[in-house]
Number of protein chains: 2
Amino acid sequence: MAESRGNTNAKRATYELRQRIIKGALPGGTRLFEVALAEELDVSRTPVREAMSRLAEEGLLERAPSGGFVVRSFSHSDVVDAIELRGVLEGTALRLTAEAGVSDKDIAQTKELVDRIDGCFADPTAPNLDLYSESNADFHDKLSTICPSSIVRSELERVKSLPFASPSAFVFRQRDREGMIQSLVLAQAQHRAMIEAIAGREGTRAEALAREHARIARKNLEAKALDANVAHPAMALVVE
Amino acid sequence: MAESRGNTNAKRATYELRQRIIKGALPGGTRLFEVALAEELDVSRTPVREAMSRLAEEGLLERAPSGGFVVRSFSHSDVVDAIELRGVLEGTALRLTAEAGVSDKDIAQTKELVDRIDGCFADPTAPNLDLYSESNADFHDKLSTICPSSIVRSELERVKSLPFASPSAFVFRQRDREGMIQSLVLAQAQHRAMIEAIAGREGTRAEALAREHARIARKNLEAKALDANVAHPAMALVVE
DNA sequence: ATACATGAGAATGTATACATCTCGGGAGGG
DNA sequence: CCCTCCCGAGATGTATACATTCTCATGTAT
């Protein structure tokens, strides 16, 4: 089992194709040919079709009108809109959570996750950015989990699955350490305010906070865009 | 080519399966077996798999953890949440449209569609409800079309494709003619206010209007639920 | 009685041959 | 010269045989 993960050829093909798309090896607009891919991945056309079908469900591929699949292409404004939409959906999830009420146990667990994020910066000279990404994602996943609406939850998860729309996509501006600290302080204050809002059944406040929170990602994205030297991995599948 | 529409077996199978699910012939939770369906539809397993995959993209089926597909089941609260979510997404679409600005031509075309809705009630003794459904859907589609964000647009279309979340799903309470007129007057006032808001770049107002507008559907749904005699077609796939 | 092994049957996974469709290039006529 | 039609290469669509995996009922040992 040397090549990638998954126990069936279809799952391996799905994983392999997804990686190529996310890394930008298959740019937006690329038409995918079953036979060519089948040969490259050393499987038959059947699991390749299966894989493409799954990736279309994820939103990474589009079905071409006359059959076949094309890599979906995202423009810069699509990235901005996807972040905005993530904020809107997270806001809706939080509002519904606040309106429905949430258990003390869930509140405690959520607070615990915010505290854990602080831990990534225990040593100010060597912040653990990878752990931060992970912890931040855990926190946002928890917010989704406690939402009482499975419909809202699944649509939120769907948008978050786009690599550039995930809450941890653009964690920080690499260069600017000062700005990085400020960004963290603000984000953590918003995280705690969100918890306060849902605990206090303040739906509108929770919604507004989530939207504003997503704007941090947008800010970081724009800072990255100016910094033309570093190509961010999550932007690999953006064209135009 | 007597049986249903589509030029390929896969498309015919997709249509046929979708109809059965929407009509409730295949209730939520039903496991779909490829061989059985293939025999019933008189095609091979390949187009059946293709069809199931497409329906999973639409959100009508879920992939079972160990392979195969299951008809997605929706609870009553899922229906309510889907309507709420439609309102949220339509609101976001309108807000972005308002913020970006919209051409005079689009405003005029949208107004024209609202006027056309009035036309369905030209004869107050015999309102044309089918035409109303269609015209109302056209209006809402137009709102989606003029949204500058393709990401928001596609997610909105996705949610609207659920039969019970479409803007025309629960047009009116059958019995209550008085309530029907009032509902129409309110809805049309909201339609016109939405246009005014996007024309005047009042994003927040447009968003709030869209959300409140979706509540009409929720009200109509609740009125239908009380009216246990009439089973509404759009509710066929709701279980629990 | 419970837990686990086991095997038969049925389901999905896979490869592949063949059918059909699509689209572009080139020949022929206007 | 341009337009149209036709053809064929190469793509997807389909059927089907075979492989693999899963499920669950059954039986056996502890």
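Residue numbers begin at 1 in each chain, while the letters A, B, ... track the order of the sequences.
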Hey, could you give me each pair passing ring pair (Phe, Tyr, Trp, His ring centres under 6.0 Å) that has a residue in residues 134-153 of chain A? Not counting sequence neighbours.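 Qualifying pairs, neighbours excluded: A:Phe139-A:His191, A:His140-A:His191, A:His140-A:His213.
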Could you list the donor-acceptor pairs under 3.5 angstrom formed by side chains in residues 19-30 of chain A, with sequence neighbours left out?
{"residue": "A:Arg20", "atom": "NH1", "partner": "A:Glu40", "partner atom": "OE1", "Å": "2.7"}
{"residue": "A:Thr30", "atom": "OG1", "partner": "A:Pro27", "partner atom": "O", "Å": "2.5"}

Does A:Ser133 have any side chain to side chain contact (heavy atoms under 4.5 Å, CB included) partners at least two apart in sequence or in another chain, and if so, which? A:Ser168, A:Val171
Using heavy atoms and a sub-4.0 Å distance, could you list which residues of residues 56-65 of chain A are near DNA chain D? By number, please.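 Hits under 4.0 Å, by residue number: none.
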Residue list, side-chain hydrogen bond (donor to acceptor under 3.5 Å, both in side chains) with [X], at least two apart or on another chain:
X: B:Arg158; value: A:Glu155
X: A:Arg116; value: A:Glu112
X: B:Asp130; value: none
X: A:Ser135; value: none

Nucleotide by nucleotide, 5' to 3', does protein get under 4.0 Å of the base (B), only the sugar-phosphate (S), or neither (-) in nucleotides 11-16 of chain D, counting heavy atoms? SBBBBB
